[in-house]
Trainee: 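This is the structure I have questions about; it appears just below.
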2 protein chains.
Amino acid sequence: MPPEDRPLRADAERNRRRLLEAAQAVFCERGLDAGVAEIAQRAGVGRGTLFRNFPTKQDLIAAIVVERMREAADHGRTLLDASDAAAAMFGFLDEMVGRQQLDRALFDAVADTWLANDEIRAAHAEVIGVLDELLRRAQESGDVRADVGAVDVLMLLKGVCEAASAFAQVDPAMVTRHLDLVRASLAAPAATPLRGRPPTLADVERGLPKPPATRAAS
Amino acid sequence: MPPEDRPLRADAERNRRRLLEAAQAVFCERGLDAGVAEIAQRAGVGRGTLFRNFPTKQDLIAAIVVERMREAADHGRTLLDASDAAAAMFGFLDEMVGRQQLDRALFDAVADTWLANDEIRAAHAEVIGVLDELLRRAQESGDVRADVGAVDVLMLLKGVCEAASAFAQVDPAMVTRHLDLVRASLAAPAATPLRGRPPTLADVERGLPKPPATRAAS
DNA sequence: ACCTGAACACCGTTCAAGT
DNA sequence: ACCTGAACACCGTTCAAGT
């Protein structure tokens, strides 16, 4: 195992890239149940090489998810200085839903892998950070109710994604419609206040899925 | 294979019951990844018997999900003559979220199995039918916006369930809060109308997951 | 008519041998 | 330092033999 940050040997680096690309394509076409054998073959490497780069299939999936989340966060940052703050935030939500419809298999995985993986955790925090700023601006503009937090909005978004991946590919209009409902729930002024306090990132990270359950238990 | 409706032999019927109970318990404790071996053992039968009753592990899961959906529909019907129609509908939504939190593994499965299975399809239609009536009454009472349909509401509900199973077991207040947001999105009068038309049951059933992909393809 | 468990197929993962 | 593919382990599913 090479020290943490030393750059990979040129061919190794290339293999890693190829594996990520192949995995992305295969998962997109065949779903997450696609075998690692196909991915390795498509990347032109042996199965062993796959597991050298990604100790587990889950890690391979996680690596792709992280890439996507980072892209989303980047896009969100470009919206930070838009004139219409509320439109910017909803545009961000739109984008994220669209992204997940491209290859829904990947985002299905987030539910499983979720925050068990450190890199996903970091990327996730990054997305929440951007959304938090977009939301704050929209609230300051008076178009979005003041008693919601970024995690609230992300929960709603996850709901839209879920519904979208369930059956909205038939008709993208359904996604638009569902987003309209989310917009309505976030509109200011709020008719009745929300109970409880806005969940924090810490709340989310505390609610981890059951521990990895390593087969080592006696 | 016995003719469709002939009652099973007494011991066979008992084995079927035991399998369902064992499966429910095991899935609840260990999640859907639990092995069929453990289920068969817990039920006190051989693995072959399991597959005689449920041709595939998915079918076993589906059978449990169908049971739960039927229970939910039954409960919904008891709410049909409540005095406060809106409260009745939201009570129904509450119940369904609570149910899915009991053993979330099962409802996670609905996303996979979803409408691929005929029995699930029927039970699903039943739930939508009840929800449709609850909704209609709530709309007539003037407390719920008129431009949403039962499928819209079910989509929102699925979002809540998703969010709940992701991290709400830490604090049930989060679910309450999310339901408050759903309530806000459904409140009458609607500030801005929804785009598109309410999705129908047919729309949902058209949006099936990729075909079973039987390994028979040449 | 139904039950059983050994055997099979499939797929994620490891590792000894190579370069 | 990295690659490879045969071998292993695990688990869903089948089926020949039993009652």
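The sequence lines fix the lettering, A, B, ..., with proteins before strands; numbering per chain opens at 1.
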Trainee: Round to the nearest Å and state the distance from F27(A) atom CZ to dG12(C) atom C1'.
Mentor: 12 Å

Trainee: Want to settle it: does G48(A) or V36(A) sit nearer the 5' end of DNA chain C, counting the closest nucleotide to each?
Mentor: V36(A)

Trainee: Where the side chain of R47(A) is defined as all heavy atoms beyond and including C-beta, which of dA6(D), dC3(D), dT4(C) is the nearest nucleotide?
Mentor: dA6(D)

Trainee: Go through dT13(D), dC3(C), dA1(C) for me and flag the one nearest to the R9(B) side chain.
Mentor: dA1(C)

Trainee: Do D74(A) and R77(A) meet the salt-bridge criterion of a basic N to acidic O distance under 4.0 Å?
Mentor: yes

Trainee: Looking at the side chain of R52(B), which of dC2(D), dC3(C), dG12(D) is the nearest nucleotide?
Mentor: dC3(C)

Trainee: Dot-bracket for DNA chain C, please, read 5' to 3', with Watson-Crick or G-U wobble pairs under 3.5 Å on both distances, ( ) within the strand, [ ] crossing, | other strand, . unpaired.
Mentor: ||.|||||...|||||.||

Trainee: Check every atom of dT13(D), dC3(D), dC3(C) against the side chain of N15(B) and return the nucleotide holding the closest atom.
Mentor: dC3(C)

Trainee: I need the NZ-P distance between K57(B) and dC10(C), as an integer number of Å.
Mentor: 18 Å

Trainee: Return the value, rounded to whole Å, for the distance between atom CG of N53(A) and atom P of dC3(D).
Mentor: 7 Å

Trainee: Does the distance from a Lys or Arg side-chain N to an Asp or Glu carboxylate O, for D180(B) and R177(B), drop under 4.0 Å?
Mentor: no

Trainee: Salt-bridged, R70(B) to E119(B), with N to O below 4.0 Å?
Mentor: no

Trainee: Can you establish whether the number of heavy atoms outside E71(A) located under 6.0 Å from its atom CD is more than 12?
Mentor: yes

Trainee: Looking only at atom types and distance, does a side-chain atom of R137(A) sit under 3.5 Å from a main-chain N or O of L80(A), one as donor and one as acceptor?
Mentor: yes

